[in-house]
Number of protein chains: 2
Amino acid sequence: MDSSVKKNVTITDIAAHANVSKSTVSRVLNDTTPVNEDKRAAVLAAMKEMNFEPNIFARGLASGQSYTIGVVTQNLGSPFYDSIAQGVIAGLAKTAYSPLFADAQWQPEVGKAAVKTLIGRMVDGLIIVGTCPTPDDLEELNQNIPMLLVGTQVKQWPDRCMFIDNEQAAFEATQHLIELGHKKISHITGVPTHEDSIGRVKGYRRALKEANIDVDEDLIYEGNFDGESGVAGVETLLKRKKSFTAIFAANDATAFGARLALYRQGIRVPEDVSIVGFDDQTEAALVTPPLTTIQQPGDEIGIAAAETLLKIINKQEPEIQKLTAKLVVRDSTCPPSSGV
Amino acid sequence: MDSSVKKNVTITDIAAHANVSKSTVSRVLNDTTPVNEDKRAAVLAAMKEMNFEPNIFARGLASGQSYTIGVVTQNLGSPFYDSIAQGVIAGLAKTAYSPLFADAQWQPEVGKAAVKTLIGRMVDGLIIVGTCPTPDDLEELNQNIPMLLVGTQVKQWPDRCMFIDNEQAAFEATQHLIELGHKKISHITGVPTHEDSIGRVKGYRRALKEANIDVDEDLIYEGNFDGESGVAGVETLLKRKKSFTAIFAANDATAFGARLALYRQGIRVPEDVSIVGFDDQTEAALVTPPLTTIQQPGDEIGIAAAETLLKIINKQEPEIQKLTAKLVVRDSTCPPSSGV
DNA sequence: CAAAAAAGTGCAACCGGTTTCACTTTTTGC
DNA sequence: GCAAAAAGTGAAACCGGTTGCACTTTTTTG
């Protein structure tokens, strides 16, 4: 019945149609060797007329290139990682490359498997966001495949890491609270072993130190970047009966959780307690009160990562851009009153 | 210098090592033809020993299969689409297939291009979430590639569409408000042309009708699924000076926006105005007050979609599961008092 | 103007699998 | 116990591109 099964057009068809050899068609396709203008035109015309699309498998098999970039994120749906993914999409949009996303689901083994799958899929390069596999794993997996680590700082590969200065951003977030007059500032951390977390804690501590405020370890709660840990953090702080007038949360989700726990206790934000988050995810501007937070330029990071990786692939000199986060002041912070 | 460039192991190597022919190795690999147990064991051993991974290009070129499923979403980072994506990942996890994600960025042309790219990448099947290209476009693009539409209802392909009953879910959301005693219930819609939106408006109207409440067109505001449109919706409603005691928002983002606008006016939620959202995105449980909303089983949808598509690919009888959303009651709804 | 360099082109090998076909060996059925 | 069916196997063609090589033609150079 179905006589309409279109046989795919191949370069052999194009070659026949344009009266040249396969090689010439391939050369037109790849610009590897000069081709006479007449023939080039004929080939191009034939390709257009016959609606030719090169077979990616044949191409990949012969050339070893897939024109695919693997992107591993901790979690595609997390707002910050999504914005990076969007950036990568944008950065690759005008090129011959497509991104292939994989999700590490916050689990190192899953991340490792994801990298393996991507390598199996012959990606030409890898963008790993948020250090899912350990550096050792990467070393092991590294089949000399161009690789860029985003949001991590691995000492071994200084020129393969692209990250924002978490320490500095956290410093500014904390300083903002200090400048408003806060002295009893709590910090709810992210996953304690996570690079980003560690940097943010450092920045928090440094800001206090520079303002000659003693760091009270009881005001630091170890969270895990989840909303729930924000809730638990505030509950614990309240249980400790330490008074505080402000909270610096390791990310927005944590800030939301903290805000909710305060709400349940009837503690007002920002009148009683100010909150600063980190990420500036979409909802940060919509919650009540709109959240003061650190804006990470996720899309810019993504674009820069894509461009840098392409340079590495093409053996050009990559230049790692240092990207900076900035404080966005909204309504969740104000000068302290009594505190709790 | 670099003498460590590992030549990839091919089936020819395995064949030599196991003293069989390439064909036999391929047969072991694909289970297409019975192979003697001894040889099978030898081949398997050789594969393990030499750490063999089949070259996906060669395989694809020869067999025409890519073992890749293309997934097009409106926006990877949107909470609901992300949960579907996660579901697809989970549904494909134990199979030989990997997902290849593309982002339509809410733009039909981008979606169309994305589908084209995916087809160019020789995906074995396509999951299109949220009807990005029009059915006509799909018809045009449809190179007889197995395809599943999620979250859409296209009359032409009843057995290729998987969707939740938006109308029924919206009915229940509205009914919840009615049961609490609300009569002046506003609705802020999503993108008016969007299937999901249309269904939700229908459900809203039906619930009112069945409760013998006249639908007041002035209480319906045309939004676009954005937080901003929630803000604008409430501002407009207030400007219209129509009183209302509850809002049914087309999705959670809209609900957040509505809640923010009310907050700015000093209108309390839920005491003065109750709000119901739609999606149950992560933040819904974290905002203040935690949002009553419709929970869409995104991950289940994703898993079901993956499984169904695989069936279609393998020419098995697909059964389209009807998935249902359910109301999650939190703290943003309560019986009406005065209203505004 | 001759020699050298560059442009232009096709043939054929190759990338690493899958699959048809022909053929041999083992099982099954009666 | 013999014919027919099923199992088991390898050689070789094939999938659709890329690329090294040999060769011809044109352009550049001194």
Side-chain angles (χ1 to χ4, degrees), chain A residues 5-44 46-47 50-68 96 119-124 143, chain B residues 5-44 46-47 50-68 96 119-124 143 313-314:
Chain A
V5 180
K6 310 171 196 142
K7 188 86 178 37
N8 277 322
V9 184
T10 72
I11 58 165
T12 310
D13 302 330
I14 301 294
H17 200 273
N19 264 316
V20 297
S21 71
K22 279 169 62 180
S23 325
T24 300
V25 178
S26 173
R27 282 168 191 137
V28 171
L29 220 42
N30 299 291
D31 262 332
T32 45
T33 307
V35 170
N36 184 23
E37 214 32 68
D38 297 357
K39 309 213 168 183
R40 154 170 272 114
V43 168
L44 255 21
M47 296 204 299
M50 305 178 74
N51 197 19
F52 169 79
E53 281 289 339
N55 180 308
I56 197 164
F57 294 139
R59 200 174 228 199
L61 180 57
S63 73
Q65 285 193 273
S66 66
Y67 295 97
T68 307
I119 290 179
R121 297 248 154 207
M122 300 284 187
V123 293
D124 292 339
Q143 317 269 30
Chain B
V5 180
K6 309 171 197 147
K7 189 89 176 36
N8 276 322
V9 185
T10 72
I11 59 165
T12 310
D13 302 330
I14 301 294
H17 201 273
N19 263 316
V20 296
S21 69
K22 279 169 62 179
S23 325
T24 301
V25 178
S26 173
R27 282 169 191 134
V28 171
L29 220 43
N30 299 292
D31 262 331
T32 44
T33 306
V35 170
N36 184 22
E37 217 29 71
D38 297 358
K39 309 213 168 182
R40 154 170 271 114
V43 168
L44 256 21
M47 295 204 300
M50 304 176 75
N51 197 20
F52 168 79
E53 282 289 340
N55 180 308
I56 197 162
F57 294 139
R59 199 173 228 199
L61 180 57
S63 72
Q65 286 193 273
S66 66
Y67 295 97
T68 307
I119 291 178
R121 297 250 155 206
M122 300 284 188
V123 293
D124 292 339
Q143 318 269 30
I313 290 174
N314 296 317

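Below, all heavy atoms of this structure are taken into account, side chains as well, without hydrogens, waters or symmetry copies. Small disclaimer: the values here were computed from a predicted structure and weren't measured.
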Pick the nucleotide of DNA chain D nearest each of B/Arg40 and A/Ser23; which residue has the one closer to the 5' end? B/Arg40
So does A/Asn36 get a side-chain nitrogen or oxygen closer than 4.0 Å to the phosphate oxygens (OP1/OP2) of C/dA7? no
Using a cut-off of less than 4.0 Å, is there contact between a side-chain N or O of A/Arg59 and OP1 or OP2 of D/dG16? no
If only side-chain N and O atoms of A/Lys39 are considered, is one of them under 4.0 Å from the OP1 or OP2 phosphate oxygen of C/dT9? yes
State whether A/Thr24 places a side-chain N or O below 4.0 Å from either non-bridging phosphate oxygen (OP1 or OP2) of C/dG10. yes
Between A/His17 and A/Val43, is any pair of side-chain heavy atoms under 4.5 Å apart? no
Taking only side-chain N and O atoms of B/Ser63, does any of them lie within less than 4.0 angstrom of OP1 or OP2 on C/dT18? no
What does nucleotides 22-28 of chain C look like as a protein-contact string, B for base, S for sugar-phosphate only, - for none, at under 4.0 angstrom between heavy atoms? -------
For D/dT18 and A/Asn30 - does any side-chain N or O of the residue sit under 4.0 Å from the phosphate oxygens OP1/OP2? yes
Is any side-chain nitrogen or oxygen of B/Thr10 closer than 4.0 Å to OP1 or OP2 of C/dG16? no
With heavy-atom distances below 4.5 Å as the criterion, would you say the side chains of A/Leu29 and A/Arg59 are in contact? yes
Does a side-chain N or O from B/Thr12 land closer than 4.0 Å to OP1 or OP2 of C/dG17, or not? no
